[in-house]
Amino acid sequence: LFSILEMVMKKFVLKIAAFCLPFIGLYLFNSLMYDPTEGDLARLAYLYNNPCPRTEIRSQFQLEKKYHLLSEINLEEDTQFDVLIIGDSFSEQGKLGYKNFLAHQGLRVLHVDRFISGVNPIQTLIELSNSRIFERVKVDYVVLQSVERSFNQITQDLDFNATLNLDSLQKQIKKHENIPPKLEVEFFSDALFKIPLSNLQYLYSAKPPYSQTYIFPSSRPELFSHEPKNILIYQEDINKLDSKNNADQTIHSIEALSKIDKLLKQQGIKLLSLISPDKYDLYYPYLSGKEQLKAPLFFSHFNAYPKPFSSVKAFEILQKQIASEKDIYYYDDTHWSPKGARLIADAIFGIISDKKN
């Protein structure tokens with residue numbers, strides 16, 4: 001009886017092993033070939049091959065942190081800064097972000113942490129303006145940054161009467177824990193199959209169903225280091241083209257910022273708007289076979305409408321530099337690189353210097 005049971009168990013183990021080995025092999029292959037810690041576009045595309053990883057570009061820069069975070073200062077004491085920055089992920093690039101390049105030019109820079117500014121930094125700035133925070137934190141300028149693809153949407157339903165309670169803000173800061181996201185591929189997840197399947201589908205499709213990244217042929221490989229033959233674009237850059245290209249929505253957004261400008265002026269603060277261009281808009285001229293794609297029109301509408309506040313000409317500055325310098329945006333990411341961040345910091349510094357003079 002024992003020998004029969006032993007034989008049955010051996011057969012069972014062999015069958016389980018035969019069943020599991022392909023999955024284990026696939027998991028090991030994915031772990032070796034796919035790096036989810038690089039740029040967001042490569043991660044969302046499940047790419048095995050990343051010819052120009054973000055970390056390679058970042059490693060070329062070393063910069064000491066000179067800016068301050070709102071969470072770091074004592075809100076019960078009076079403080080003075082030249083610039084307060086509030087925005088989305090384009091303002092959250094740490095030591096290699098435009099806020100730190102700006103601080104290295106001698107300005108006192110205060111950045112509103114992302115966990116405070118939340119999903120709608122424009123609404124958060126309204127609430128800060130209606131609170132007592134600027135009685136404590138004295139600033140000359142506020143840089144209000146928003147990524148282009150979200151700008152016309154997050155301005156639609158703003159509450160100009162909302163305020164932020166400083167006691168609640170202090171409690172929020174004390175309770176906050178910075179938990180890094182889990183990016184590794186888990187064995188028991190659908191990504192195990194999505195990764196190889198997406199890489200196969202990219203052989204004949206610009207965007208497989210499981211991916212959030214379009215891959216278009218490039219007419220100028222020299223746009224990025226190692227001269228890749230394609231350009232990666234986030235799907236939302238394209239999905240939101242109708243909203244981005246809508247002139248009426250853009251005018252509504254500008255009018256919303258004009259109201260914020262008025263709120264800030266009452267407290268002696270000047271507003272600088274910074275719209276971070278979508279990668280699609282900047283690199284559109286270099287996409288091969290773009291005849292079937294809609295042309296981006298947002299900045300032509302935004303620039304044509306008069307504004308009572310100053311705006312950083314980010315699109316024009318970056319578009320000009322892309323034609324002559326590599327890696328203004330990351331190849332594998334939606335964001336501008338440290339090169340792009342430095343250009344933006346220079347533009348902000350120029351505006352502030354001109355106003356002072």
Side-chain angles (χ1 to χ4, degrees), residues 70 80-88 90-91 98-99 102 105 107-112 117 120-131 133-135 137-164 243-244 246-278 281 297-318 341 343-357:
L70 184 60
Q80 179 76 45
F81 294 91
D82 297 304
V83 182
L84 178 138
I85 289 173
I86 183 168
D88 52 42
F90 275 84
S91 296
Y98 71 91
K99 58 181 181 281
L102 197 58
Q105 298 196 45
L107 294 181
R108 295 165 295 177
V109 177
L110 179 66
H111 173 61
V112 180
S117 58
N120 190 339
I122 297 176
Q123 179 63 54
T124 303
L125 179 57
I126 293 170
E127 294 172 17
L128 288 171
S129 301
N130 289 335
S131 73
I133 193 166
F134 291 123
E135 294 175 11
V137 183
K138 302 293 185 181
V139 298
D140 297 323
Y141 295 87
V142 166
V143 174
L144 175 58
Q145 178 270 321
S146 172
V147 67
E148 176 197 344
R149 60 180 165 268
S150 300
F151 180 60
N152 280 347
Q153 295 183 332
I154 62 176
T155 56
Q156 293 304 304
D157 298 306
L158 297 172
D159 183 354
F160 281 88
N161 295 315
T163 187
L164 190 62
S243 174
K244 288 159 49 176
N246 189 309
D248 290 336
Q249 286 189 29
T250 301
I251 291 170
H252 174 85
S253 298
I254 293 170
E255 290 172 346
L257 262 59
S258 299
K259 291 181 182 179
I260 296 173
D261 176 61
K262 188 175 180 180
L263 277 176
L264 292 172
K265 279 179 178 172
Q266 292 170 356
Q267 303 180 67
I269 302 170
K270 303 174 189 68
L271 176 67
L272 297 181
S273 75
L274 170 57
I275 310 301
S276 302
D278 290 342
D281 294 49
L297 303 174
F298 171 82
F299 284 100
S300 61
H301 297 149
F302 183 83
N303 293 334
Y305 197 76
K307 311 168 193 67
F309 52 87
S310 298
S311 293
V312 181
K313 301 292 185 182
F315 180 78
E316 291 79 4
I317 293 166
L318 297 169
L343 290 168
I344 297 302
D346 290 346
I348 295 170
F349 185 79
I351 292 171
I352 292 174
S353 298
D354 288 345
K355 286 186 177 293
K356 284 183 177 180
N357 294 332

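Numbering of residues begins at 1 and proceeds along the displayed sequence.
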Where [X] and [Y] come nearest, the two heavy atoms and their spacing:
{"X": "P306", "Y": "I254", "answer": "O-CG2, 4.1 Å"}
{"X": "Q267", "Y": "F134", "answer": "OE1-CB, 3.3 Å"}
{"X": "S131", "Y": "L164", "answer": "CB-O, 3.1 Å"}
{"X": "P121", "Y": "I86", "answer": "O-CD1, 3.6 Å"}
{"X": "T124", "Y": "S117", "answer": "OG1-O, 2.7 Å"}
{"X": "N152", "Y": "S243", "answer": "ND2-O, 3.0 Å"}

*Considering only NZ, NE, NH1 and NH2 on the basic side and carboxylate oxygens on the acidic side, decide whether D281 and K244 come within less than 4.0 Å.*
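So D281 pairs with K244 through a salt bridge.
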*For the side chain of S300 and the backbone of L297, is there at least one donor-acceptor N/O pair under 3.5 Å apart?*
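Checking the backbone N and O of L297 against the side chain of S300, a donor-acceptor pair under 3.5 Å is found.
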*Under 3.5 Å, side chain of S129 to main-chain N/O of L264, donor-acceptor pair present?*
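No: the side chain of S129 does not pair with the backbone of L264.
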How many angstroms lie between atom [atom1] of [X] and atom [atom2] of [Y], to the nearest 0.5 angstrom?
{"X": "K307", "Y": "I251", "atom1": "NZ", "atom2": "CD1", "value": "10.5 Å"}
{"X": "L107", "Y": "I348", "atom1": "CG", "atom2": "CD1", "value": "9.5 Å"}
{"X": "F160", "Y": "I260", "atom1": "CZ", "atom2": "CD1", "value": "5.0 Å"}
{"X": "L263", "Y": "K265", "atom1": "CG", "atom2": "NZ", "value": "11.5 Å"}
{"X": "D88", "Y": "R149", "atom1": "CG", "atom2": "CZ", "value": "8.0 Å"}
{"X": "D82", "Y": "L110", "atom1": "CG", "atom2": "CG", "value": "11.0 Å"}

*Begin from the C-alpha positions of L158 and K259 and carry the test side-chain contact (heavy atoms from CB on, under 4.5 Å) through to its verdict.*
CA-CA 11 Å; L158 297 172; K259 291 181 182 179; over 6 Å; no
*Could you please spell out the steps behind the side-chain contact (heavy atoms from CB on, under 4.5 Å) verdict for Y98 and L274?*
CA-CA 11 Å; Y98 71 91; L274 170 57; 3.8 Å; yes
_Assess the residue pair T250 and Y305 against the criterion (side-chain contact (heavy atoms from CB on, under 4.5 Å)); give the C-alpha distance rounded to whole Å, side-chain angles, the decisive distance to 0.1 Å, and a yes or no._
CA-CA 9 Å; T250 301; Y305 197 76; over 6 Å; no
[X]-[Y] side chain donor-acceptor pair, cut-off 3.5 Å:
{"X": "S276", "Y": "Q145", "value": "yes"}
{"X": "Q123", "Y": "D157", "value": "no"}
{"X": "S273", "Y": "S311", "value": "yes"}

*asked:* Tell me whether the rings of F315 and F299 are parallel (<30°), tilted (30 to 60°) or perpendicular (>60°).
replied: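 Parallel, since the angle between the ring planes stays under 30°.
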_Q80 side chain reached by D140 side chain, heavy atoms, under 4.5 Å_ =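 The answer is yes; the side chains approach within 4.5 Å.
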_One pair to check against side-chain contact (heavy atoms from CB on, under 4.5 Å): N303 and K313. What are the steps and the verdict?_
CA-CA 9 Å; N303 293 334; K313 301 292 185 182; 3.8 Å; yes
*Can you name the one residue among V83, L128, L125, V112 that meets side chain to side chain contact (heavy atoms under 4.5 Å, CB included) with V142?*
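The single option meeting the side chain to side chain contact (heavy atoms under 4.5 Å, CB included) with V142 is L125.
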